[in-house]
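What follows is a short report on a single structure.
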Amino acid sequence: MKKGDHLFLVDGSGYIFRAYHALPPLTRKSDGLPVGAVAGFCNMLWKLLQNARDTDVGVTPTHFAVIFDHSSKTFRNDLYPEYKANRSEPPEDLVPQFGLIREATQAFDLPCIEMAGFEADDLIATYARLASEAGGETTIISSDKDLMQLVTDHVSMYDPMKDREIRIPEVIEKWGVPPEKMIDLQALTGDSVDNVPGVPGIGPKTAAQLLEEYGDLDTLLSRANEIKQNKRRENLIEFAEKARISRELVKLRIDVPVEHGIDTFELAPPDGPKLIGFLKAMEFSTLTRRVAEATGAEVAEIEAAHVEVEAGESAHGPDLDPSPAESDGDAATPAKLAAGIAEACAAQTFDHAGYECIRDLDTLKLWVEEACETGILAFDTETTSLDPMQAELCGFSLATKPGRAAYVPLNHKSGDGDLLGGGLIEDQIPQKDALEAIKAVMANPAVLKIGQNLKYDWLLMYRLGVEIVGVDDTMLMSYVLDAGTGSHGTVSHGMDALSERWLGHKPIPYKELTGTGRKQVTFDMVDLERATAYAAEDADITLRLWQVLKPRLAAEGLVSVYERLERPMIPVIGRMEHRGVAVDRQILSRLSGDFAQTAAGIEDEIYELAGERFTIGSPKQLGEILFGKMGLPGGSKTKTGQWSTSAQVLEDLAAAGHELPRKIVDWRQVTKLKSTYTDALPGYINPETKRVHTSYALASTTTGRLSSSEPNLQNIPIRTAEGRKIRTAFVAPEGTKLISADYSQIELRVLAHVADIPELKKAFADGLDIHAMTASEMFDVPVEGMPPEVRRRAKAINFGIIYGISAFGLANQLGIPREEASAYIKRYFERFPGIKDYMDSTKAQAREQGYVETVFGRRAHYPEIRSSNPQLRAFNERAAINAPIQGSAADIIRRAMARMEGALADAGLEDVQMLLQVHDELIFEAPESKVEKAIPVICEVMENAALPARALSVPLQVEARAASNWDEAH
DNA sequence: GTGGTCTCCTA
DNA sequence: GTAGGAGACCACA
């Protein structure tokens, strides 16, 4: 190395952590291996090296090395055993990336330097000194404050994330002291992340001011008795020794006996094929292309064979093996790491007394700062209601690492006092101030906010003007991992169940604080000590669950399911619920009146026919009248031995000429419409927004569908003319329209794709009537002039297939003998043998591995498919056949929803708002002037929703329409 | 008040 | 035959 040369030193270890938290998570498509930090690292190296070639841009390195920490134990631990002692394990989807980043460095043909007993920072300091002594310049690729002490006229730093150079003026600007005083400054402030003690009560501002006044640490400590502020003086005297130790801890060693001389770092031209081989193995397509372009086209041609070897080798390497099954030895596979983490977490204990109750703004700000440093923040709100659209905030809790959690009470009231329950407890941070203090960290995607059922907290905070960006949800992780496990899919993804299962810890029951029944109080009435124990524990548990579940995602290859299909739904569904839908109270009220009148008329006729008054709505009483008193031929019995009075039974009796059963059916229809819809819906109109805000459950179904409740807007009537009237009450406000866009036959299309049925695929490709085509194939009837009854039967069979057909079910549906239904199914399987194959292989898969998968890799578990109970087994087989079809369709519309807002915004349609989802349909509200432009955008997003992840072999078709109410729009 | 049963609304 | 949620009734506490 000589004068004019320029050494680049990349702080590899620092970069990994920073990239992991700052960059969007990324997984290798083929197996879900987490590679986000590796991707960032490769992109950065490539950019830096490009500058080396293009001499017009940026600084040109002549020497280049990447420096890593070797292990956690260094000479600093001998100085101060607690050094870095409170540092938690790295996130588990980061762990496999450590090895990969070293491999990446080697693929770039760059020196990969590390040394036992020393941190990367010490090596960097030593090399920077050596370079300066040789007359060269040094750029340290890092933004770590610990390295800023090294900055001189010839040593600068470069923050690759912010594309910013850090020289002497930048250090002074940021810290208030020049680089050479950084060591003293850090000695005073300490570092909570690395557990450097420092002097309590002294932050960067105070430290800079003191150093300005006294010059350096030794002078300051020796003259500490001159300090005016009592507390500060006492601390400086008491903790002088801690400050001196801290100085030794933060001072970097410039005399490490390095093994590799600086001259060995000389930059050579990149080995294109080697690098491309690695990048291809990582599946970084964009960068692979760039590198291929930059290194010449022919390199791209020879690369194929080379990559094959690299990919093959790496697939067996310990750091790359993502499969839990076939690992050998003590290799640190993601699965083993996940299991280890789970075991360690289950062994940890909980200390309620260790939780903090935050009652002043400064303390809250310290916690926020800490979260910014760790990049991780478990978050939970405590409120007065389960409805996030009506709830008032009582307080919120935070956790930054296991056992370190706090509750921030905001609106707690004292339990005693007058009838109103006393006033606000003193020393609570005003809500406005607290929200202001956390707003930035909540919006910062580099700090991961971890929640349990975070959609609730997201929506509540959104209502209060705080948007949360950068989220993880332990409930959704559990759902992705374990949907359907447990008998009848009874496994709960609720926090209490997860805590007991994974942490072996039973949380404080909510009811223990608030009581139950008439005496139940809202959370803001709970005293702060118990509220803190409960609320902080929730955040603590959430954080620990995250530590267990996140690595499992990688270990089980489910990262992309979580990232693509679950996590994006939190803000999307959150906004949909927040918008709600306009419902016309007058229309419902008028319909209620109409239904009441109709019902009253029918009731009179029923009493007349029955010869007495009775409770028509009681199946028990009704059964006694029909099958006892009137002696009608009873159909089936229910499982409790009662006569069934189901619509089917009553219809059959009506068809046989009996008058009363018909009246009962009619009465049931109108009373159902009245009680469930026209009477109930107005009660859900939010008094503030005047709209109805349903709640979508993201983790309630085994297949991946959403469910809707309070009210359920996914079962609004449509089949009968009377029922449809209810849809006219769902309206578009003045000046807007409702747009309804629904997938045509999406499940049959998915079936055609997954079972690979050429006839079905062709029919869809040609835009034919699929049920008529099926009928034509099965019954040898031409599509032209086909009797409706024939088509109806084919349609029932098609649906039956999706539901995991049985002769019994089909016979019931069509009202034909079981033998006939059986013959239909046989015929169907003969005409479409692929269907039978699909069903058999799906059942076999479910039996062997316990779950089936959607096209996008979502799993649905059916453990009971191995049951010896034939009924239970058959039920699970049908469900297992259905799940990939229903679930893939659910995945597709989720993908469409995740992309919709962005696509609309890109088209200048941000005021077109997605309101509702009904499994294969999306409902939007749009300004009238935007309708025409919005419809094609919506259809485009929905029809292409499977891409680019999967190319379906069948086109998806969407029909969309706009009108002023839901009935006309659909 | 809570939970089970029956019935019925949707995709 | 799949996947859901909800209201009414009724027996139990």
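Chain A is the first sequence line, chain B the second, and so forth, proteins listed ahead of strands; every chain is numbered from 1. In what follows, every heavy atom counts, from backbone to side chain, and hydrogens, waters and symmetry copies are set aside.
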Euclidean distance, atom [atom1] of residue [X] to atom [atom2] of [N] [Å, nearest integer]:
X: N882(A); N: dT2(C); atom1: CG; atom2: P; result: 8 Å
X: F799(A); N: dT10(B); atom1: CZ; atom2: C1'; result: 12 Å
X: I664(A); N: dA8(C); atom1: CD1; atom2: C1'; result: 15 Å
X: I893(A); N: dT10(B); atom1: CD1; atom2: C1'; result: 14 Å
X: I865(A); N: dG1(C); atom1: CD1; atom2: P; result: 17 Å
X: I726(A); N: dA6(C); atom1: CD1; atom2: C1'; result: 13 Å
X: K843(A); N: dT2(C); atom1: NZ; atom2: C1'; result: 15 Å
X: R873(A); N: dG1(C); atom1: CZ; atom2: P; result: 17 Å

Practice item. Carefully, step by step, assess I802(A) and Q886(A) under the rule side-chain contact (heavy atoms from CB on, under 4.5 Å). Key: CA-CA 8 Å; I802(A) 291 172; Q886(A) 187 185 114; 6.0 Å; no
Practice item. Measure centre to centre between the rings of Y824(A) and F779(A), then say whether the value is under 6.0 Å. Key: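 For Y824(A) and F779(A), the ring centres are under 6.0 Å apart.
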At 4.0 Å (heavy atoms only), tell me whether [X] reaches a base, stays on the sugar-phosphate, or touches nothing.
X: E747(A); value: nothing
X: G617(A); value: sugar-phosphate
X: S707(A); value: sugar-phosphate

Review point. Which word best sums up how the rings of F627(A) and W643(A) line up, parallel for under 30°, tilted for 30 to 60°, or perpendicular for over 60°?
Key: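 If you compare the ring of F627(A) with that of W643(A), the planes turn out tilted.
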Exercise for review: In plain terms, say whether E566(A) and R858(A) are close enough for a salt bridge, that is, a side-chain N and a carboxylate O under 4.0 Å apart.
Suggested key: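 Looking at E566(A) and R858(A), the cut-off is met.
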**Study point:** Charged N-O contact under 4.0 Å between R847(A) and E877(A)
**Key:**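 A salt bridge is present here (some side-chain N lies under 4.0 Å from a carboxylate O).
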Looking only at the side chain of [X] (C-beta and beyond, no hydrogens), which of the listed nucleotides [options] gets closest?
X: T702(A); options: dA6(C), dA11(B), dG4(C); answer: dG4(C)
X: A879(A); options: dG1(C), dT2(C), dT10(B); answer: dT2(C)
X: Q886(A); options: dG1(C), dA11(B), dT2(C); answer: dT2(C)

Practice item. Compare every heavy atom of S888(A) with every heavy atom of V855(A), then report the nearest pair and how far apart it is. Key: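 Reported closest heavy-atom pair: N-OG, 3.0 Å.
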Using atom names, set out every protein N or O paired with an N or O of nucleotides 10-13 of chain C below 3.5 Å, distance rounded to 0.1 Å.
from    : atom 1 : to      : atom 2 : distance (Å)
dC10(C) : OP1    : S618(A) : OG     : 2.8
dC10(C) : OP1    : Q621(A) : NE2    : 3.3

Check your understanding: Stepwise, does the ring pair (Phe, Tyr, Trp, His ring centres under 6.0 Å) test hold for Y838(A) with F832(A)?
Key -> CA-CA 10 Å; Y838(A) 166 75; F832(A) 307 107; over 10 Å; no
Review point. What residues, two or more places apart in sequence or in another chain, satisfy side-chain hydrogen bond (donor to acceptor under 3.5 Å, both in side chains) together with Y562(A)?
Key: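 Applying side-chain hydrogen bond (donor to acceptor under 3.5 Å, both in side chains) to Y562(A) gives D472(A).
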Practice item. List the steps, then state whether salt bridge (charged side-chain N to carboxylate O under 4.0 Å, His left out) holds for E968(A) with R961(A). Key: CA-CA 8 Å; E968(A) 289 165 38; R961(A) 204 180 317 174; over 6 Å; no
Exercise for review: For dG4(C), take OP1 and OP2 only and decide whether either is under 4.0 Å from a side-chain N or O of R705(A).
Suggested key: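 R705(A) to dG4(C) OP1/OP2: no side-chain N or O under 4.0 Å.
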Using a cut-off of under 3.5 Å, enumerate the N/O to N/O pairs linking the protein to nucleotides 5-9 of chain B.
from   : atom 1 : to      : atom 2 : distance (Å)
dC6(B) : OP1    : T638(A) : OG1    : 2.7
dC6(B) : OP1    : T640(A) : OG1    : 2.3
dT7(B) : OP1    : T645(A) : N      : 2.8
dT7(B) : OP1    : T645(A) : OG1    : 2.7
dT7(B) : O3'    : R668(A) : NH1    : 3.1
dC8(B) : OP1    : R668(A) : NH1    : 3.0
dC8(B) : OP2    : A647(A) : N      : 3.0
dC8(B) : O2     : K672(A) : NZ     : 3.0
dC9(B) : O2     : N715(A) : ND2    : 3.0

